[in-house]
Trainee: 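Next up is a structure, given as structure tokens.
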Amino acid sequence: MLMSAVLCAATCGASAAEPVWIGDRGNAAPAFEKSFAFEKPVASAELRISGLGFYEAYLNGRRVGDRELEPTPTDYTKRVYYSTYDLTREIAATNVIRVLLGNGWYNSAETGVWRFDKAPWRDFPRLWADLAVTFADGSRTNVVTDATWSVAPSPVLFNDFREGEIIRSESRPLPPLKAPRRVQVVSAPKGRLVPETHEPARVVERIRPVAIEKFENGWILDFGKNLAGRVRMDVRGAKEGDVVSFRYDERKPPAERHIDCYIRALPSTNAWNLADAGYQTDRFICNGDAHETYAPRFTYHGFRYVLVRGLRTAPAAEDAWAEFIRTDYATTGSSLLRTSDETFNKLIRAAALAYDGNFTDGFPTDCPHREKNGWLADATLTATFGLYRAGTENALRDWVRLIAESQRPNGSVPCIVPDFGWEYDGHSCCNSGPGWGTALTTLPTILHRIRGERDFLVEMYPAMRRYCECLWKDLKDGLIVDGLPDWMAAKLLEPDKCWTPRTPAKLTSTAYAYRSFLETASAADLAGASADASELRRRADVVKAAFNRAFHRGGGVYHEGWACGQAFALNFGLVGAKDVEGARRQLVKAVHAEDDHIDFGMLGTSVVFRELSKAGETALAYKMIMNTAPSFADWIRSGDTTLREDFPGNLSRNHPSFGDFAAWAYEYVLGVRAVEPGYGKFVFDPQVQGLPLTYADGTVLLAKGLRPIEASWRHDAVRGEIACRLVVPRGTKAEVPRLGKALGPGIHEFVLSSAFQGN
């Protein structure tokens, strides 16, 4: 029980003018508690709360809400999110509120390569809460965090968002706090306290294991697909003090521990003297009850397999389930793009699963295990596909704001967000180069193009302009000479060195800078800054001229004529009109020179397939995707259910960064491409000539409140006809080039010629 109960008549204390934060330095995951009572009927009760790094709240023994890993991580020196809950139906005459805190990103002790233990915001966990109550007679009161709260240790003995948790089993319902004491009033985090307006993380799917296999002194649970989240498991027949460990992995043990490569185990985990202590491992300390439930709170893992050790009896399938956690945005679900080729369908599903598994907690990440970092390039490369089939715009918008808030005075941005300065040199625009930094200009542009978000593009214009100033100062003879190149390319100039692709960083970085000037000029037009727009376009012209001086070899051949460089020059608009056809011919020639295999990396993936389709070679692009290794389909044939970080599969097997091929499929296989922002006008023109497909159907999401675009086609190759069905939502119209007319809102069925018609 609480140290002292407080009975409230008209007030439990006024709402503080400044939020009061409480904390406790002595516990790994403290539990805070407050008792209060009312003498009058309650009309409404609303709780605003933020607990750093993560919190889990209870009112009268029942959990408040169903959000996970709250609040979304940020740079806590700039921004701190809080959430709001309506507790009107849960409030009683006498109440106890309890809040458990975890370390999250706020207090990471992990000492690996990312060095979050050196983050400038790092401190012990702390809590702010304000329960606003309105009584039936119209009077009001607030129950707020202050020195009257109590604190005690929680069942979570250790927690780290990469290392995992050590959890002591607890009785149900929620037991009283043991040895509570008064809290400390602590300093507030430096960041602004703002409401979390994007969708929260939730458990969106629960999956039973598809197989359980004995392995050494434990059991391997196989959940059938690679996902992000955790396992809940009923533990039966344990003795008091038994320790059951859960080791999460993408591969079945004893596979190489590839996801450990950047991590150094924490000394505090070794104190338990367990052979398998360390990365992506939880430990559950049993209390001897006949039925106990392992359920971590403040971490999540990337996994398909879980190695369970310490059980006295074999687990049954009904004892365990994986909980898939992601940001709870809407998706097209079963309306994901489907074709007559099931391997290709699995590949599209793998791209979607990798995307969702890396949008776990309110912002896009690169992998759900080793890093969980918000790499700018990965997010930018996958945003288009994400928006085609998921309502990610709210979270993306908030994340771009975090990028802008992380901008340095010289206009530069970090390469990961949330950021604390990892490997930031403070001079160049982004230590990973424009392929990463231009997320600040490209993501608002994508949101404008796909969701019609004009106001957000205008809002971001000042930050975009500052970034372009940094780019301009970084130019050397009109080129950007630094930055990461076409990352994780299938073919390298130096084997096993992922930073040595065929296409140099100087080419790709300069192309990104050119596009960034043009994107920002368009934002300037919308913002009414016409003089800025003219200057930005002038600077873009300077970069274009320098790019062609440096890389154009004549006749449309760029650099060494390899596919990535050719496609970059074409896709970014850097090729002169008279050389476009020559550049396309060279692109096709370069692909054939590799026996129609992929030789590029994640940057090249975003441009090569589209430029092949514009050249009338959609079937060739499809062949590259579906070819033998190196190809994306080879991953599916190898049993993967998500996308890899690299082609051999030596690294992560849940990376979204190659997923833009799926966006290409929506645009050229399904055939739906935006012409005007927000699909005010779109083109429907499936490029089926030569494709080994007989049908495709899918749905493209539009802005909230609008019906999605629904498209399907069936190809009769003998007749050379495509039978189509197209649902055009209100507020938009479809151009169908092969019909020679536009279609307004409604359901349309028609037949097209399957011959290639244009770009």
Trainee: For Ser516 and Thr438, test the side chains for any donor-to-acceptor distance below 3.5 angstrom and give the result as yes or no.
Mentor: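 There is no such pair (donor and acceptor under 3.5 Å, judged by atom type) between the side chains of Ser516 and Thr438.
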Trainee: Quick check: do Trp499 and Leu484 have side-chain heavy atoms less than 4.5 Å from each other?
Mentor: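 Answer no - side chains too far apart.
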Trainee: Is it true that Glu560 and Arg502 make a salt bridge, defined as a side-chain N closer than 4.0 Å to a carboxylate O?
Mentor: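 No, Glu560 and Arg502 are not salt-bridged.
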Trainee: Taking the side chain from Asp378 and the backbone from Gly374, do they hold a donor-acceptor pair closer than 3.5 Å?
Mentor: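 No; judged by distance alone, with no hydrogens or angles, the pair does not exist.
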Trainee: Measuring centre to centre across the rings, with the benzene-like ring taken for any Trp, is Phe647 within less than 6.0 Å of Phe658?
Mentor: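 That pair passes the under 6.0 Å test.
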Trainee: Is the distance between the ring centroids of Trp635 and Phe632 under 6.0 Å?
Mentor: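 Between Trp635 and Phe632, which both carry aromatic rings, the centre distance is below 6.0 Å.
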Trainee: Please confirm whether the backbone N or O of Val669 pairs with a side-chain atom of Trp713, one donor and one acceptor, at under 3.5 Å?
Mentor: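 Looks like yes, one N/O pair under 3.5 Å.
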Trainee: Have a look at Ile480 and tell me which of Thr510, Val543, Leu507 forms a side-chain contact (heavy atoms from CB on, under 4.5 Å) with it.
Mentor: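 That would be Thr510.
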Trainee: Would you say the ring centers of Phe568 and Tyr558 fall short of 6.0 Å from each other?
Mentor: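 Ring centroids of Phe568 and Tyr558 are no less than 6.0 Å from each other.
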Trainee: Which residue in the set Arg719, Arg738, His715 passes side-chain hydrogen bond (donor to acceptor under 3.5 Å, both in side chains) when paired with Ser754?
Mentor: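 In the set Arg719, Arg738, His715, the residue that makes a side-chain hydrogen bond (donor to acceptor under 3.5 Å, both in side chains) with Ser754 is His715.
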Trainee: Kindly state whether the ring of Phe385 and the ring of Phe661 have centres lying under 6.0 angstrom apart.
Mentor: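 No, they do not, as the ring centres are separated by 6.0 Å or more.
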Trainee: How far apart are the C-alpha atoms of Thr339 and Asn345, what are their side-chain angles, what is the distance that settles it, and do they pass the side chain to side chain donor-acceptor pair (under 3.5 Å) test?
Mentor: CA-CA 6 Å; Thr339 72; Asn345 296 345; 3.0 Å; yes
Trainee: So, Glu342 and Arg349, do they make that salt bridge, N to O below 4.0 Å?
Mentor: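 Result for this pair is yes, salt bridge flagged.
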Trainee: Any Lys/Arg nitrogen of Arg725 or Asp697 sitting under 4.0 Å from an Asp/Glu carboxylate oxygen of the other?
Mentor: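 Salt bridge: no.
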Trainee: Given 3.5 Å as the limit, does a donor-acceptor pair link the side chain of Thr365 with the main chain of Asn358, or not?
Mentor: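 At least one qualifying donor-acceptor pair exists.
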Trainee: Looking at the rings of Phe359 and Tyr329, which for Trp means the six-membered one, are their centres under 6.0 Å apart?
Mentor: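 Yes, they do, as the ring centres are separated by less than 6.0 Å.
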Trainee: Measuring only between side-chain heavy atoms, which start at C-beta, is Leu387 closer than 4.5 Å to Leu396?
Mentor: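 The answer is yes, as the side chains (C-beta and beyond) meet within the 4.5 Å cut-off.
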Trainee: Indicate whether any N or O donor in one side chain lies under 3.5 Å from an N or O acceptor in the other, for Thr618 and Gln689.
Mentor: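 On atom types as modelled, these side chains do not qualify, holding no pair under 3.5 Å.
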Trainee: Between Glu393 and Arg451, does any NZ, NE, NH1 or NH2 come within less than 4.0 Å of an OD or OE carboxylate oxygen?
Mentor: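 Answer for the salt bridge query: yes.
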